[in-house]
Protein chains: 2
Amino acid sequence: MPAPLASKDEIIDRLFTVFRDHGFEGASLSDLSRATGLGKSSLYHHFPNGKTQMAEAVLERATSVIDSDIAGVTKLGIPLKARLHKVVATLEQMYAGGRTACVLGQLASSNASAEVRQGLRIAFDHWIGAIESLALESGMPAERAHHFSRDWIAWVQGSLVMQAATGETASFQRAMDALVALSGE
Amino acid sequence: MPAPLASKDEIIDRLFTVFRDHGFEGASLSDLSRATGLGKSSLYHHFPNGKTQMAEAVLERATSVIDSDIAGVTKLGIPLKARLHKVVATLEQMYAGGRTACVLGQLASSNASAEVRQGLRIAFDHWIGAIESLALESGMPAERAHHFSRDWIAWVQGSLVMQAATGETASFQRAMDALVALSGE
DNA sequence: GTCTATAATAGGATAGAC
DNA sequence: GTCTATCCTATTATAGAC
């Protein structure tokens with residue numbers, strides 16, 4: 001029984017955790033209603049298209065978090081190493097040290113609507129772009145940076161999947177170390 | 001409407017594809033019934049505990065495939081390089097060149113029963129063990145082989161997640177190349 | 001071992017009052 | 001903008017005939 005909420009952003013933040021923890025099919029309207037403290041009808045007032053639209057809103061929020069907390073950090077006027085540490089700190093918190101699923105991975109693993117798939121693409125593209133630009137700045141050749149960004153994010157995603165199965169967070173931690181290592185061992 | 005089937009293994013193989021493509025929550029009894037060509041009651045005859053037991057059976061099957069087609073290859077009396085190519089060929093087919101989800105990843109992303117989680121652990125452990133022994137044989141120090149096996153499987157899992165979102169199979173392909181590269185660039 | 005029929009429940013979604 | 005009440009469908013699961 002959560003505390004009452006005020007803004008739409010707060011509603012979306014609560015929906016976020018439900019989709020992250022249960023996936024699209026696993027998130028029932030009852031779950032979403034309970035997490036937000038809103039009745040089903042109230043949810044439909046905010047999201048007339050139902051669950052699909054809620055998932056879209058969650059993905060838009062995820063993209064904006066990526067833009068501010070990851071891509072945004074990329075452009076700060078501080079040394080590369082400091083920015084890498086900031087990004088890792090954000091991810092460590094976002095994924096609770098590797099113990100929490102990623103809402104992008106959860107929604108990617110579902111057979112959701114075309115709108116949701118489009119939102120997923122955009123979110124991943126923004127994330128990839130941010131990592132790629134960090135890799136380029138570290139002096140990596142363009143083609144390697146292209147590969148690194150995608151392979152590294154795959155590593156992160158997979159480490160979260162494996163954590164869900166095995167309970168191990170070590171691979172997630174090594175992925176974080178590998179990003180920091182971009183600043184030159 | 002699939003052709004009629006004979007053995008229990010065939011039933012499980014069809015259940016396999018449904019859980020792989022839709023996940024645990026996304027796989028309804030109607031889906032499972034349609035895929036097997038069996039009525040719901042017939043499914044309950046084979047799996048009295050319902051969906052959970054079906055998922056367990058699928059995971060046992062996945063583990064046995066890992067044992068024969070991956071771990072088994074590890075012990076063949078052919079050069080390391082040939083074995084690595086065989087393992088990659090198996091994975092390429094298993095995941096349709098990176099275009100198909102992994103049933104382990106799909107079930108890991110669900111909030112399934114303790115039995116399912118146990119089956120997942122076992123399946124991943126067998127897979128990790130096989131890759132780790134290949135890495136050791138390639139001359140990798142023990143600690144690095146320990147890390148490599150887990151990180152590489154995370155990479156594979158994550159590449160499949162990202163493929164579902166972006167349609168890109170390149171990261172999966174690079175992961176396959178990285179395994180072959182164990183035989184020495 | 002498979003089927004038809006049916007129960008019981010949960011799911012997504014809507015109507016209309018406040 | 002939120003609620004109660006309701007609808008319809010899908011879902012899991014079972015009973016019992018063949």
Side-chain angles (χ1 to χ4, degrees), chain A residues 1-59 106-107 109-117 119, chain B residues 1-59 106-107 109-116:
Chain A
M1 39 229 69
L5 35 70
S7 70
K8 188 138 184 176
D9 270 1
E10 272 180 40
I11 297 175
I12 294 174
D13 280 345
R14 310 246 181 132
L15 298 175
F16 187 106
T17 67
V18 179
F19 284 117
R20 182 197 63 195
D21 294 342
H22 302 295
F24 186 76
E25 286 88 355
S28 72
L29 282 184
S30 304
D31 293 331
L32 297 163
S33 170
R34 204 175 320 114
T36 54
L38 293 176
K40 294 180 187 178
S41 303
S42 303
L43 285 176
Y44 274 91
H45 171 76
H46 292 285
F47 309 98
N49 284 354
K51 242 172 90 168
T52 296
Q53 195 175 355
M54 297 181 212
E56 291 169 49
V58 163
L59 285 175
Q106 287 281 39
L107 292 175
S109 304
S110 76
N111 292 336
S113 69
E115 292 84 14
V116 169
R117 305 196 77 75
Chain B
M1 39 226 71
L5 36 71
S7 69
K8 188 137 184 177
D9 270 2
E10 272 180 40
I11 298 175
I12 295 173
D13 280 345
R14 310 245 181 132
L15 298 176
F16 188 106
T17 66
V18 180
F19 283 117
R20 181 196 64 196
D21 294 342
H22 302 295
F24 186 77
E25 286 87 356
S28 72
L29 282 183
S30 304
D31 293 332
L32 298 162
S33 171
R34 204 177 318 114
T36 54
L38 292 175
K40 295 176 189 179
S41 304
S42 303
L43 284 177
Y44 274 93
H45 171 77
H46 292 286
F47 308 97
N49 284 354
K51 244 173 86 167
T52 296
Q53 195 176 355
M54 298 181 211
E56 290 170 48
V58 162
L59 285 175
Q106 287 280 39
L107 292 175
S109 305
S110 75
N111 293 337
S113 69
E115 292 83 15
V116 168

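In what follows, chains carry the letters A, B, and so on, assigned in the order in which the sequence lines appear, proteins first and then strands, with residues in each chain numbered from 1.
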Give the rounded distance in Å between these two atoms: [atom1] of [X] and [atom2] of [N].
| X | N | atom1 | atom2 | value |
| --- | --- | --- | --- | --- |
| B:Leu38 | D:dA13 | CG | P | 17 Å |
| B:His45 | C:dT4 | NE2 | P | 16 Å |
| A:Lys40 | C:dG12 | NZ | C1' | 7 Å |
| A:Phe47 | D:dT2 | CZ | P | 11 Å |
| B:Phe24 | D:dT12 | CZ | P | 9 Å |
| B:Gln53 | D:dT12 | CD | P | 15 Å |
| A:Leu29 | D:dT9 | CG | P | 17 Å |
| A:Asn49 | C:dG12 | CG | P | 15 Å |

To the nearest 0.5 Å, what is the distance between CD (B:Glu25) and OG (A:Ser109)?
11.0 Å
Are A:Lys8 and A:Phe47 in a cation-pi contact, defined as NZ or CZ under 6.0 Å from the six-membered ring centre and within 45° of the axis?
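Positive - A:Lys8 is close enough to the ring of A:Phe47 and near enough to its axis.
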Side chain to side chain donor-acceptor pair (under 3.5 Å) assessment of A:Thr52 paired with A:Asn49
CA-CA 6 Å; A:Thr52 296; A:Asn49 284 354; over 6 Å; no
Under 4.0 Å, counting only non-hydrogen atoms across every strand here, what does A:Lys51 touch: a base, just sugar-phosphate, or nothing?
sugar-phosphate
So, OP1 or OP2 of [N]: does either fall under 4.0 Å of a side-chain N or O from [X]?
| X | N | value |
| --- | --- | --- |
| B:Tyr44 | D:dA13 | yes |
| A:Ser41 | D:dT2 | no |
| B:His46 | C:dT2 | yes |

Verdict with reasoning, B:Asn111 to A:His22, per side chain to side chain donor-acceptor pair (under 3.5 Å):
CA-CA 7 Å; B:Asn111 293 337; A:His22 302 295; 2.5 Å; yes
